[in-house]
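Written out below as structure tokens is the structure these notes cover.
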Amino acid sequence: MIMTDALELIENRLLELEASAYSCEEYQIPTYWLKNDPCNCFKDDNYISKVNPIEYFLHQIRKIQDSESSETIKLSSLEYTRGAVVYNMMIRYATAFKHSGGSELRIDCADNEFRETGTFLKAIAILPYIQSLGVNTIYLLPITAIGKDRKKGNAGSPYAVKNHFQPDEMLSEPILDLSPGLQFRAFVDAAHCLGMKVIHEFVFRTMSVDSDLAIDHPEWFYWINEADKNKYGMPRFLNSYLDIIRTKVDNEDYNKLPLPDKDYRSLFKDPPELAKNIDGKVYGLNDRWEKMIIPSAFCDWPPDDPQPLWDDVTYLKLHDHPDYNYISYNTVRMYDKCLDGKNYRVEDLWEYLRGIIPYYIQHFNIDGVMLDMGHSLPRTLRSAIVDTVKQTHPEFVFWEENFYPSIKSVNEGYDAVVGKLCLDEHNPKDLKKYFDLLSREGSVIAGLATAETHNTPRAASDIMGVNFNKMTWFMNNLLPAVPFIHAGFELCETIPVNTGLGFNTEEAVQYPASKLALFSYRELHWSNKNKIIYFIRQVSRIRVEYQDLICDYSADSFVSLKTSSEEIISFMRVDPISDIKIFFVCSYADKKQYFTVGIPGLNADMKDLINDQVYNVVNGNFICELEPRGFICAIINNSDNHIIGNGNDDSGGDK
């Protein structure tokens with residue numbers, strides 16, 4: 001039996017509001033949030049429906065409670081991850097909506113109103129919709145309290161963590177008069193009722209520059225004099241030193257790494273004994289009564305990265321060594337061997353970091369974590385964080401933000417890594433290299449199968465938009481990887497959340513912080529007619545039917561196929577026992593193209609499941625024509641050869 005006390009408290013509070021005759025003249029929601037709701041709220045296929053908010057939230061909660069199922073959360077962390085289908089959401093963005101019908105998203109909220117920005121309650125309400133996409137895992141960007149000093153946009157980044165143990169107040173509904181923590185726990189309970197796991201992303205290397213920790217533990221941070229703030233910036237290295245740095249790091253030689261110049265190092269001072277928050281900014285006083293501040297972070301690798309300062313966050317001071325009291329690549333990521341000694345660890349800070357995940361397990365019952373830049377933590381600390389949890393919760397899921405899947409991640413206790421598909425799927429040459437690797441070596445650890453994340457361009461910004469989303473979603477559900485929906489992908493959203501990866505300078509300029517959901521209050525375009533929601537549901541059902549084969553990570557189960565064009569990508573999944581084969585081909589060409597795919601040893605007629613068109617494979621060759629970003633998927637069985645999907649539909653809409 002799943003404990004749902006928090007969810008029941010929210011239900012009771014809603015009942016109290018209903019009994020008090022609370023009225024709301026107009027509360028609009030995206031019709032898809034109803035997920036075929038029996039309340040008869042669909043009218044003429046409108047994308048927006050009007051509901052009584054109390055009745056709506058009560059109905060959704062009761063629907064969730066009636067669906068209670070814990071079947072999928074009994075698996076081991078590795079088994080679960082390999083069968084996971086993920087919906088990734090930043091709650092304040094994914095559930096934001098102009099409920100009053102106004103032209104602007106309202107940020108302020110009275111105590112007797114429901115928020116228009118995203119909240120835990122609204123995230124609970126749309127869980128049935130998310131589950132209808134075939135999802136069994138919710139992956140949340142950080143929900144912790146956000147720093148305000150030097151923040152970007154009007155909301156601030158969820159990665160500027162002010163307090164690890166306090167959920168963001170803005171994610172709660174004031175009208176419920178229940179703590180943000182309880183409302184978050186109710187969200188986790190609701191997900192569990194539906195048999196879904198909740199994975200939470202944690203940031204352990206950095207915190208906001210106005211972190212609550214800086215007041216109680218100034219020694220856990222780096223400090224400079226306020227008078228020197230205009231001198232501060234990313235350290236610069238001569239080209240000769242950069243060559244040495246890269247060579248040593250490539251060889252994993254961290255002994256006596258080149259240091260920043262003396263002038264840069266001299267900017268950093270011993271931490272003050274006293275720090276205070278004055279008008280929202282954290283200041284310290286040195287022994288000369290000079291005002292001190294916490295310096296901003298920057299991209300630590302490569303050491304000549306051109307990105308500007310990350311104004312709103314700073315690095316935690318994980319080591320205390322008199323010769324390494326500064327922020328640079330060799331103190332916050334590629335840790336110099338001199339820092340290995342136990343005497344130089346800031347032990348009480350390490351203990352604090354080790355305690356965060358156990359706290360979230362105990363108080364919020366989360367099922368797993370994504371470690372933001374986990375590979376950039378000191379190895380000893382990283383192992384301690386994982387081991388502390390695995391000893392008491394062996395089924396707990398650990399995912400790592402690492403682009404390069406390897407046995408090293410497996411040995412360190414991770415069940416999955418982010419991987420590079422979010423970038424490779426935009427380049428057929430890179431994708432072909434990945435398929436060839438799978439064909440030779442299989443996959444040692446799960447990666448996230450997605451054409452977009454919150455740091456990359458939106459997949460629908462591809463020249464072929466909807467077709468590209470359909471093509472990559474079908475492909476991702478056939479790979480030995482974890483299908484991953486970044487909230488808005490199903491709506492063919494084109495506005496990125498952040499411009500972290502895959503953007504050129506001109507593109508980044510188009511999206512200042514005020515337009516990016518990572519920093520400002522924004523909403524998804526739920527009324528966008530170019531949706532692929534129905535298509536995603538179709539593909540998810542196909543994945544379930546052939547899950548055993550698709551979740552086989554061995555090299556024998558994956559065959560990279562040769563094609564007549566570099567713009568045509570094809571592969572086959574093979575089950576040697578049942579002799580079932582899944583064939584997939586897709587086109588990255590910008591115009592209609594004929595092509596040939598070699599399918600060794602196959603002669604078959606294959607029937608398209610959508611439009612009944614028959615395809616022929618003759619003497620191991622499949623010849624066909626595809627529209628730009630078109631695709632075909634065939635299930636090949638000795639007794640029943642047929643096609644089950646067709647990407648030639650370029651209608652751009654959704655059923």
Side-chain angles (χ1 to χ4, degrees), residues 88-90 92-94 96 103-105 107 117-118 141-142 146-160 203 206 208-209 229-230 232-236 242 295-314 327 329 372-373 401 403 418 420-427 430 450-466 468-469 472 486-489 491-525 528 530 590:
N88 166 228
M89 62 194 302
M90 182 167 65
R92 79 170 187 216
Y93 170 53
S103 59
E104 298 291 335
L105 189 70
I107 298 174
T117 53
L141 297 194
I146 296 172
K148 302 303 180 186
D149 185 20
R150 305 178 223 172
K151 72 177 182 180
K152 298 179 180 179
N154 63 1
S157 168
Y159 291 88
V203 185
T206 60
S208 69
V209 290
K229 65 180 181 181
N230 292 331
Y232 176 75
M234 184 176 178
R236 303 299 176 186
L242 288 172
S296 297
F298 47 77
C299 182
D300 53 81
W301 190 260
D304 57 346
D305 191 285
Q307 291 186 53
L309 291 176
W310 300 339
D311 295 325
D312 52 347
V313 298
T314 188
I327 299 174
Y329 78 99
D372 173 72
M373 296 297 290
E401 189 191 19
F403 288 147
V418 170
K420 283 178 73 262
L421 277 172
C422 58
L423 300 176
D424 290 349
E425 289 190 354
H426 296 265
N427 186 321
D430 290 340
T450 178
E452 65 177 39
T453 71
H454 71 278
N455 279 321
T456 71
R458 286 285 193 173
S461 62
D462 179 87
I463 191 172
M464 295 308 299
V466 175
F468 186 70
N469 280 35
T472 54
H486 172 221
F489 173 84
L491 308 177
C492 296
E493 178 68 67
T494 59
I495 305 298
V497 171
N498 186 30
T499 53
L501 295 168
F503 293 85
N504 60 39
T505 303
E506 291 181 1
E507 291 169 333
V509 169
Q510 294 178 25
Y511 298 107
S514 61
K515 292 185 177 181
L516 295 172
L518 195 71
F519 309 108
S520 296
Y521 292 105
R522 306 286 297 179
E523 63 177 325
L524 291 168
H525 293 96
N528 182 5
N530 290 328
D590 292 334

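Source: prediction; values computed, not measured.
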Report, as yes or no, whether the 6.0 Å neighbourhood of atom CD on Gln307 holds more than 12 heavy atoms from other residues, nucleotides or ligands.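 Yes, CD of Gln307 has more than 12 neighbouring heavy atoms, counting only those of other groups under 6.0 Å.
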
Spacing of [X] atom [atom1] and [Y] atom [atom2] [to the nearest 0.5 Å]:
| X | Y | atom1 | atom2 | result |
| --- | --- | --- | --- | --- |
| Asp304 | Arg236 | CG | CZ | 8.5 Å |
| Met234 | Ile327 | CE | CD1 | 11.5 Å |
| Ser520 | Ile107 | OG | CD1 | 8.0 Å |
| His486 | Thr450 | NE2 | OG1 | 8.5 Å |
| His454 | Thr456 | NE2 | OG1 | 9.0 Å |

Not counting sequence neighbours, list each pair that qualifies as a side-chain hydrogen bond (donor to acceptor under 3.5 Å, both in side chains) and has a residue in residues 491-508.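 As it turns out, the side-chain hydrogen bond (donor to acceptor under 3.5 Å, both in side chains) pairs with a partner in residues 491-508, which skip direct neighbours, are Asn455-Asn498, Glu493-His525.
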
With sequence neighbours left out, what residues match [X] under salt bridge (charged side-chain N to carboxylate O under 4.0 Å, His left out)?
| X | result |
| --- | --- |
| Arg458 | Glu452 |
| Glu401 | none |
| Asp305 | none |
| Asp424 | Lys420 |

Given side chains that start at C-beta, do those of [X] and [Y] come closer than 4.5 Å, heavy atoms only?
| X | Y | value |
| --- | --- | --- |
| Tyr232 | Leu309 | yes |
| Phe489 | Asn88 | no |
| Pro496 | Phe503 | yes |
| Leu141 | Tyr159 | yes |
| Phe468 | Ile463 | no |

Test side chain to side chain donor-acceptor pair (under 3.5 Å) applied to Tyr329 - qualifying residues, sequence neighbours left out: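 For Tyr329, no residue satisfies side chain to side chain donor-acceptor pair (under 3.5 Å) once neighbours in sequence are set aside.
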
Mind checking what makes side chain to side chain donor-acceptor pair (under 3.5 Å) contact with Thr206, not counting sequence neighbours?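 Counting only residues at least two positions away or on another chain, Thr206 forms no side chain to side chain donor-acceptor pair (under 3.5 Å).
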
The criterion is side chain to side chain contact (heavy atoms under 4.5 Å, CB included); which residues satisfy it with [X], sequence neighbours excluded?
| X | value |
| --- | --- |
| Arg92 | Met90, Ile146, Ala155, Pro158, Leu171, Tyr521 |
| Pro235 | Phe237, Pro260, Tyr264, Phe298, Ser328 |
| Asp149 | Val209, Asp210, Lys281 |

Minimum heavy-atom distance between [X] and [Y], given as atom pair plus value:
| X | Y | result |
| --- | --- | --- |
| Cys492 | Ala460 | O-CB, 3.5 Å |
| Leu524 | Gly488 | CD2-CA, 3.7 Å |
| Arg150 | Pro295 | NH1-C, 4.2 Å |

Suppose we screen for ring-ring contact (aromatic ring centres under 6.0 Å, His included). Which residues come up paired with Phe519, at least two apart in sequence or across chains?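 Phe519 satisfies ring-ring contact (aromatic ring centres under 6.0 Å, His included) with no residue once adjacent residues are dropped.
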
Any donor-acceptor pair under 3.5 Å linking the side chain of [X] with the backbone of [Y]?
| X | Y | value |
| --- | --- | --- |
| Asn528 | Leu491 | yes |
| Thr117 | Ala96 | no |
| Thr472 | Asn469 | yes |

Selection residues 513-523 - residue pairs positive for salt bridge (charged side-chain N to carboxylate O under 4.0 Å, His left out), sequence neighbours left out: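 Only Lys98-Glu523 qualify under salt bridge (charged side-chain N to carboxylate O under 4.0 Å, His left out).
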
